[in-house]
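So the structure is just underneath, and the comments pick up after that.
Throughout, protein chains are lettered first and strands after them, A, B, ... in sequence-line order, and every chain is numbered starting at 1.
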There are 2 protein chains.
Amino acid sequence: MTQQSDRAQRQHLSTCGVAVAVVILTVQREGLTVLLIHRAAPPYAGYWALPGGLLMPGETLDQAAARKLLGETGVADVYLEQLYTFDAQPDDPGPRAIVAYFALVDAGRVVLAQRSSWQPAWFPVDRAPELAFGNARIVAYALKRLRAKLGYSNVVYSLLPEHFTLTQLQRVYEAILGRPLDKRNFRKRILSLGIIEPTGHLERTGAHRPARLYRFSRREPITF
Amino acid sequence: MTQQSDRAQRQHLSTCGVAVAVVILTVQREGLTVLLIHRAAPPYAGYWALPGGLLMPGETLDQAAARKLLGETGVADVYLEQLYTFDAQPDDPGPRAIVAYFALVDAGRVVLAQRSSWQPAWFPVDRAPELAFGNARIVAYALKRLRAKLGYSNVVYSLLPEHFTLTQLQRVYEAILGRPLDKRNFRKRILSLGIIEPTGHLERTGAHRPARLYRFSRREPITF
DNA sequence: CCAAAAGTGTTCAATCTACACCCATGC
DNA sequence: GCATGGGTGTAGATTGAACACTTTTGG
């Protein structure tokens, strides 16, 4: 987000009671990480916080969340879902309610918006610093929901490239759940879920037997 | 809600961007019914709508929802849960976002707030009139969530009196799901869920064998 | 030839589904 | 004595969990 629009939002703030916050998650070598921005100005100057801000005129909640996501990461068309609406902390100025979203992005496609003074950075979800605005409860909630959705949805489609192997997919699941999974059972369950399909091509990289490539049948959230 | 506080909220309206709406459901002879109020004044004069309104100063979202529920029905301490946050319809005045809740109440305990000009009334969920503020999507969502939660939670505790028979409980499940359930399977599943326990007493009313009475182990939402 | 990752089936336990009859009571 | 609703068990199918070895490739 630019400094201009930030200022515009601050003026808007006293007349608008609702804000969005986005829990942007990705999987890297360190495991599951969350994108945080560093606050330079009060309130909570010096703290880290979730990307977020006020609704702009004429904008829907989903659009505001997508705008925040795009502004911080440069990505669109990823898994983005409303999580829950939290009360603001009693003593915080500004909005009364925070509509939280969570998004999953492929770390490889993200270009962090270093242009702003916000210094966005990835933190492992279990080693995040203390957060502004009581945002920690939002991250905890996102994590819980994500883990629950792994079992019956295609949430992770935006954490992987267009084509991928079952082993890559399994690594993502393991990173999110924080525990190893049995290979054969994983393959059976995933295939019976019907969210992915073979491309018919093979991956021929690496010092091993070529691997069948898959893709997600639908690259959009499936709701049940 | 009184006319005074309604007027106070209308003034508050232009400075506050968030409202709550409550889908209050109960089970009656006709099946699952939803509480609606009749709008006398614009916007949507003459339409039926969900009980709702703006957040009052210093109040949390949950408190606002509970206040609305108490104001319309006189009940508290029932199942009340946040559902989802919806965008207001683009052309509607007032709040930008509607935080929807759903509540389940025992029709026997409710005293409808006939004092106001709002004429609250129960409508079968599948035969409700056209609703103001695009509220129909909220009712549909509540219904879907309620049915999903039946299988693994104690949601229905506030639809039944303190003591009840398994058959009464089954009637409630059938009314919500809209289909008959097998008696033996229902009893096995419910008992294995561990949300109810026998009281040790018997119901001796009716021209039939006395029935064992049960109660819910916890009369508060269980979160999983 | 060796390291690295891909691929593949079976057994057992637990859970879910379908299904029918006898019993205690009030009238 | 009969109508009403209460109470109970089993067999078959499905689902989920545990578990180990062979294959192909690049270096």
Report the distance from atom [atom1] of [X] to atom [atom2] of [N], rounded to the nearest whole Å.
X: Arg209(B); N: dG6(D); atom1: CZ; atom2: P; answer: 10 Å
X: Phe164(B); N: dG6(D); atom1: CZ; atom2: C1'; answer: 16 Å
X: Leu202(A); N: dA5(C); atom1: CG; atom2: C1'; answer: 14 Å
X: Glu203(B); N: dT25(C); atom1: CD; atom2: C1'; answer: 12 Å
X: Leu169(B); N: dG6(D); atom1: CG; atom2: P; answer: 12 Å
X: Glu174(B); N: dG5(D); atom1: CD; atom2: P; answer: 13 Å
X: Phe186(A); N: dG7(C); atom1: CZ; atom2: P; answer: 13 Å
X: His208(A); N: dA4(C); atom1: NE2; atom2: P; answer: 12 Å

Can the ring centroids of Tyr141(B) and Phe102(B) be said to lie less than 6.0 angstrom from one another?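 Not close enough - the centres of the two rings lie 6.0 Å or further apart.
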Taking only nitrogen or oxygen atoms into account, show me every contact under 3.5 Å that the protein makes with nucleotides 15-20 of chain C, one pair per line with its distance.
| unit_1 | atom_1 | unit_2 | atom_2 | d |
| --- | --- | --- | --- | --- |
| dA18(C) | N7 | Asn185(B) | ND2 | 2.9 |
| dA18(C) | N6 | Asn185(B) | OD1 | 3.3 |
| dC19(C) | N3 | Arg184(B) | NH2 | 3.4 |
| dC19(C) | N4 | Asp182(B) | OD2 | 3.3 |
| dA20(C) | N1 | Arg184(B) | NH1 | 3.3 |

[X]-[Y] side chain donor-acceptor pair, cut-off 3.5 Å:
X: Thr33(A); Y: Thr26(A); result: no
X: Asn135(B); Y: Tyr47(B); result: no
X: Tyr79(B); Y: Asn154(B); result: no

Between Val78(B) and Leu104(B), which heavy-atom pair has the shortest distance, and what is it?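 The pair with the smallest heavy-atom distance is CB-O, 3.4 Å.
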Can you work out whether Arg171(B) or Ala207(A) has the more 5'-proximal nearest nucleotide on DNA chain D?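 Counting from the 5' end, the first nearest nucleotide belongs to Arg171(B).
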Please check the phosphate of [N] (OP1 and OP2 only) for any side-chain N or O of [X] closer than 4.0 Å.
X: Arg204(B); N: dT25(C); value: yes
X: Thr167(A); N: dA5(C); value: no
X: Arg187(B); N: dG7(D); value: yes

According to the interplanar angle, ranging from 0 to 90°, do the rings of Phe216(A) and Tyr157(A) count as parallel (below 30°), tilted (30 to 60°) or perpendicular (above 60°)?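 Answer is perpendicular, since the angle exceeds 60°.
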Taking only Lys NZ, Arg NE, NH1 and NH2, and the carboxylate oxygens of Asp or Glu, determine whether Glu162(B) and Arg215(B) approach each other closer than 4.0 Å.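 Looking at Arg215(B) together with Glu162(B), the answer is no, because their closest N to O distance does not fall below 4.0 Å.
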